Amino acid sequence: MNLLKPIDLNKILGLKVQEEVEENKTLKDIEEMIKKSEKIIIFTHESPDGDAIGSTLSVYHALKEIGKDPIMYIPEYSRLFDFLPGTGEIKKELKDELYDLAISLDCSDLKRLEGKEYFENAANTIAVDHHENNNMFADLNYVNSAAPACAEVLISMFLYLGINITKEIGTCLLTGIITDTGGFQYQGVTPETFEFAAELLRKGIDIPNISSKVLQTRTKANFELSRKVTERMEFLENGQIAFSYINIKDEEEANAEPGDHEGLVNIGRSIEGVEVSIFIREKEENAYKVSMRSVNKVNVSDICYLFGGGGHVRAAGCLIKGNVEQVKNKIIKETKKAL
Ligand code: AMP
Ligand code: MN
Ligand code: MN
């Protein structure tokens, strides 16, 4: 194990945060629940992004630090995350077993949890998350919607549990933070985000390498898909809305693997004058996964909520039934109202 000099999280997070964390009743209950549990399993949301994978791996390493032997379950994820420590231990299939404790990370709704049937059957459940519309589906819910990433919520939990942030834990946490903030760029980054990153950099965590692996490297298939997205881009409402799509056939032609569609929604958002970028992806026959991003005005989480989805103010998603034209019309109608 590659141990770093212990990081003084108290110093980084400040006295106020430390007091809040120490007095937090949920964290106290979480600590007790973890301590008494033997068989622990960690879950995250479907189509896992860097925050989902980084959070899962960091909890895995953290629980190992306190003598537990947890299991992680992620059936599919982008191979771009394979460089992270511990990915070799991820289970892609599960046996029919019962668990003492199931932990859900970065997931606002049981519907979106990969492995929800095992989660529901566990004796006890914990959810740690940062979505504002989290519906508190676990026995214990530690949710902070002011945090830009689930990984940042976990920092407070690790502080409470007295866990030393090792190089492995720090690398995984920073991956979550870097991906969910687009490299410390999006609204929602906090002073603590930078303080934590600065401290980890000081201790030798290779932030440039993480950024290069998770933000600046794309698969060939992702590049091929981005050509289609660019080619099909439409602008509506005087260029305030950008819309594009891909179908299952496009993914087949590009030999796309899980996660290869990640980031395609950002192509529209980066164009001058665009407030809302909408990218839809055929998920199954007659149903499209909608991804929305906004620049500084529209609450896209509210729009997706109307269709049974959700997310954050500037990044949200939902699933809508229909063909491209039908889904496009439904989502654009609501977006126009919000402009
Ligand atoms: P995506 O566009 O898939 O990258 O998702 C953007 C954000 O919205 C993420 O924080 C997701 O967790 C959230 N999100 C995406 N789809 C859904 C959904 N169907 N229900 C709730 N939240 C979602
Ligand atoms: Mn996520
Ligand atoms: Mn997240």
Side-chain angles (χ1 to χ4, degrees), residues 42-59 74 76-78 81 104-114 116 127-137 142-155 172-182 186-190 193 214 222 229 242-246 258-269 276-284 287-294 298-321 327 331:
I42 310 164
F43 296 103
T44 190
H45 65 77
E46 59 186 16
S47 298
D49 47 31
D51 191 26
I53 292 164
S55 294
T56 301
L57 289 164
S58 72
V59 171
I74 309 180
E76 280 186 344
Y77 63 89
S78 165
F81 295 112
S104 158
L105 300 170
D106 194 38
C107 186
S108 58
D109 192 319
L110 189 58
K111 271 193 321 215
R112 296 195 73 225
L113 194 69
E114 199 70 77
K116 46 185 157 308
V128 181
D129 186 32
H130 70 124
H131 291 88
E132 62 181 326
N133 61 340
N134 182 295
N135 61 12
M136 306 286 174
F137 57 88
Y142 186 51
V143 179
N144 179 2
S145 61
C150 180
E152 193 165 308
V153 186
L154 287 169
I155 296 172
C172 298
L173 288 174
L174 269 176
T175 296
I177 292 172
I178 287 172
T179 50
D180 261 21
T181 62
Y186 302 155
Q187 285 176 19
V189 284
T190 63
T193 316
V214 302
N222 176 275
V229 171
F243 172 88
S244 194
Y245 68 94
I246 54 169
D260 279 339
H261 60 278
E262 283 289 329
L264 296 175
V265 64
N266 294 326
I267 298 174
R269 180 180 43 190
V276 180
S277 171
I278 306 170
F279 164 66
I280 70 172
R281 169 179 174 247
E282 189 179 14
K283 203 173 171 205
E284 55 207 58
Y288 280 79
K289 164 71 209 289
V290 176
S291 279
M292 296 187 78
R293 300 291 186 270
S294 63
V298 173
N299 183 332
V300 287
S301 174
D302 283 351
I303 299 173
C304 290
Y305 191 73
L306 298 171
F307 298 98
H312 311 283
V313 179
R314 302 276 169 259
C318 58
L319 189 74
I320 302 183
K321 290 221 159 74
V327 174
I331 196 75

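Because the structure is predicted, anything quoted here is derived from the model rather than measured. Whatever order the structure lists ligands and atoms in, that order sets their numbers, starting from 1.
- In terms of modelled atom types and a separation under 3.5 Å, the side chain of H130 and the main chain of A147 share a donor-acceptor contact.
- Each of I267, V290, I246 was scored for a side chain to side chain contact (heavy atoms under 4.5 Å, CB included) with F279, with one residue passing: I246.
- A donor-acceptor contact shorter than 3.5 Å links the side chain of D51 to the backbone of C150.
- Every side chain to side chain contact (heavy atoms under 4.5 Å, CB included) that K111 has, sequence neighbours left out, goes to D109.
- R112 CD, 3.2 Å is the protein heavy atom nearest to atom 18 (C) of ligand 1.
- Atom numbering of ligand 1 starts at 1 in the shown order; those under 4.0 Å from a heavy atom of S291 are 1 (P), 2 (O), 3 (O).
- Distances from the Mn ion (ligand 3) show that H130 has an N/O/S atom below 2.8 Å.
- For the pair I280/F243, a side-chain contact is recorded, criterion being any heavy-atom separation below 4.5 Å from C-beta on.
- What sits closest to atom 23 (C) of ligand 1 on the protein, heavy atoms only, is G310 O, 3.3 Å.
- Given atom 8 (O) of ligand 1, the protein heavy atom at minimum distance is A316 CA, 3.2 Å.
- A donor-acceptor pair shorter than 3.5 Å cannot be found between the side chains of H312 and D180.
- Of the possible donor and acceptor atoms, none in the side chain of S145 sits under 3.5 Å from a partner among the backbone N and O of E132.
- Taking each of H131, H45, R293 in turn, the one with a heavy atom nearest to atom 12 (O) of ligand 1 proves to be H131.
- With respect to atom 7 (C) of ligand 1, the closest heavy atom belonging to the protein is A315 O, 3.5 Å.
- In the vicinity of C318, heavy-atom distances shorter than 4.0 Å reach the ligand 1 atoms 16 (N), 19 (N).
- For the pair K289 and ligand 1, a heavy-atom separation below 4.0 Å is found.
- Remark: ligand 1 atoms within the under-4.0 Å shell around heavy atoms of G311 are 8 (O), 13 (C), 22 (N).
- Side chains of T190 and T193: a donor on one and an acceptor on the other come within 3.5 Å.
- Closer than 2.8 Å to the Mn ion (ligand 2) sit the protein N, O or S atoms H45 NE2, D49 OD1, D49 OD2, D106 OD2.
- Judged by distance alone, the side chains of E262 and S78 never bring a donor and an acceptor atom under 3.5 Å apart.
- Closest approach of A127 and F137 over heavy atoms only: CB-CZ, 4.3 Å.
- Residue H312 approaches ligand 1 through these ligand atoms, each under 4.0 Å from one of its heavy atoms: 10 (O).
- Atom CZ of F307 has more than 12 heavy atoms from other residues, nucleotides or ligands within 6.0 Å.
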